[in-house]
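Worksheet: the structure to be examined is printed underneath.
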Protein chains: 2
Amino acid sequence: MSLELTPVQTVACCSPLAREPLSEKEADGVAPLLKALADPVRLRLMSLVASHEGGEACVCDLNDAFELSQPTISHHLKVLHEVGLLDREKRGVWVYYKARTEALQNLAALIGGQAQ
Amino acid sequence: MSLELTPVQTVACCSPLAREPLSEKEADGVAPLLKALADPVRLRLMSLVASHEGGEACVCDLNDAFELSQPTISHHLKVLHEVGLLDREKRGVWVYYKARTEALQNLAALIGGQAQ
DNA sequence: CAAAGACATAGACACATGTAAATATTTACA
DNA sequence: TGTAAATATTTACATGTGTCTATGTCTTTG
């Protein structure tokens with residue numbers, strides 16, 4: 001079973017929220033991304049990875065940052081990976097997650113983009 | 001019972017995700033905002049209001065944009081209002097919701113802000 | 001004051017979600 | 001080969017969430 005199972009989604013989308021009404025389809029596409037970020041643990045995970053050297057971090061480092069079970073962290077990382085916010089690479093025994101900066105920036109542009 | 005019951009929260013927060021790790025407290029503060037946005041219907045509501053003339057819209061207009069019951073729309077608007085993403089004002093029989101642009105922009109800055 | 005319209009609240013229900021314990025998988029190394 | 005370490009998967013469960021129906025509140029107008 002490969003690590004590439006989960007298809008990497010395109011995270012670009014549409015014009016900013018405030019410019020024109022989001023279509024139902026667009027909203028259905030963006031909501032899962034926000035949902036993935038809309039959890040305190042996942043927010044911190046994303047931040048830990050993104051702010052780490054090279055924008056990537058080993059799971060071993062991440063587990064220690066929380067008082068949560070290892071499977072729980074693994075679950076949250078999977079959620080972030082599945083929506084395309086984190087890339088994943090196995091190196092030896094370790095797995096590294098890497099922040100997808102363009103995805104974050106597209107999301108930010110959607111939310112905060114100026115009208116017109 | 002006044003319309004001002006729900007306290008208006010400050011939505012500013014912290015340095016961008018990618019700059020330094022979000023603290024637990026910060027994450028707990030931001031997650032509810034993202035959670036509020038992380039629903040297709042609320043995303044469209046937010047977009048409808050924000051992109052509407054003057055950044056505000058009457059509930060009467062919003063109800064018609066969805067094939068959902070009026071209480072359901074009312075519920076979603078309440079969620080967005082409670083986290084400080086929508087302001088609320090009653091004018092005669094009608095209620096107008098207004099987008100809090102700074103809140104959206106703060107959120108965008110948190111998510112998409114450059115490291116360093 | 002009564003009736004109608006705009007919106008909110010309450011209650012209920014099906015379904016999603018965060019977490020943990022137990023277990024599996026993969027890799028390195030003795 | 002066998003054992004240990006790193007990470008993922010499975011299963012289960014309590015709690016949260018989106019939706020509806022029914023009802024309440026407030027405002028305008030006859």
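Quick caveat: nothing in here was measured; it's all calculated off a predicted structure.
Annotation for B:Met46 and B:Leu85: closest pair CE-O, 3.1 Å, computed over non-hydrogen atoms. Here the closest heavy-atom approach between residue A:Ala31 and residue B:Leu43 is recorded as N-CD1, 3.8 Å.
Separating the CD1 atom of A:Ile73 from the C1' atom of D:dT7 is a distance of 12 Å, rounded to the nearest angstrom. Atom C1' of nucleotide D:dA8 and atom CG of A:Leu80 are separated by 16 Å, given to the nearest angstrom. Rounded to whole Å, atom P of C:dC7 lies 14 Å from atom CG of B:Leu86. Across the protein-nucleic acid pair, A:Glu89 atom CD and C:dT26 atom P stand 18 Å apart, rounded to whole Å. At whole-Å resolution of the value, CG in B:Asp61 and P in C:dA6 are 11 Å apart. For the pair B:Leu45 CG and D:dT19 P, the computed distance is 10 Å after rounding to whole Å. Atom-to-atom, CD of B:Glu67 to C1' of D:dC20 comes out at 15 Å; the value is rounded to the nearest Å. As rounded to whole Å, 22 Å separates atom P of D:dT25 from atom CH2 of B:Trp94.
A salt bridge between A:Arg88 and A:Glu82 is absent, with no side-chain N of the basic residue lying under 4.0 Å from a carboxylate O of the acidic one.
Under 3.5 Å, the side chains of B:Ser51 and A:Glu20 contain no donor-acceptor pair of N or O atoms.
Side-chain contact between B:Tyr97 and B:Asp87 is absent, with no heavy atoms from C-beta onward closer than 4.5 Å. When side chains are defined from C-beta on, A:Leu22 counts as touching A:Cys14, because their heavy atoms get closer than 4.5 Å. A 4.5 Å side-chain heavy-atom check between A:Leu77 and A:Ser74 finds every atom pair outside the cut-off.
For A:Ser74, whose side chain is taken as the heavy atoms from C-beta onward, the closest listed nucleotide among D:dA8, C:dA6, C:dA28 is D:dA8.
Not one side-chain nitrogen or oxygen of A:Lys90 sits closer than 4.0 Å to the OP1 or OP2 atom of D:dT7. The phosphate of D:dT9 (OP1 or OP2) has a side-chain N or O of A:Lys78 nearer than 4.0 angstrom. Dashed line: the shortest gap from a side-chain N or O of A:Arg88 to OP1 or OP2 of D:dA8 is under 4.0 Å. Side-chain N/O atoms of A:Tyr97 include one lying less than 4.0 angstrom from OP1 or OP2 on D:dA8.
For D:dA6, its base never sits under 3.5 Å from the side chain of A:Gln70 at any donor and acceptor pair.
Contacts of A:Phe66 with the nucleic acid, taken as non-hydrogen atoms under 4.0 Å apart, are absent.
Toward the 5′ end of DNA chain C lies the nearest nucleotide of B:Val59, the other residue of the pair B:Val59 and A:Gly92 mapping further downstream.
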Dump every N/O contact between nucleotides 17-19 of chain C and the protein below 3.5 Å, one line per pair.
{"from": "C:dT17", "atom 1": "OP1", "to": "A:Lys35", "atom 2": "NZ", "distance (Å)": "3.3"}
{"from": "C:dG18", "atom 1": "OP1", "to": "A:Arg42", "atom 2": "NH1", "distance (Å)": "3.4"}
{"from": "C:dG18", "atom 1": "OP1", "to": "A:Arg42", "atom 2": "NH2", "distance (Å)": "2.8"}
{"from": "C:dG18", "atom 1": "OP2", "to": "A:Arg42", "atom 2": "NH1", "distance (Å)": "3.3"}
{"from": "C:dT19", "atom 1": "OP2", "to": "A:His76", "atom 2": "NE2", "distance (Å)": "2.4"}

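The partner of D:dT25 is C:dA6, by the rule that a Watson-Crick or G-U pair needs both atom distances under 3.5 Å.
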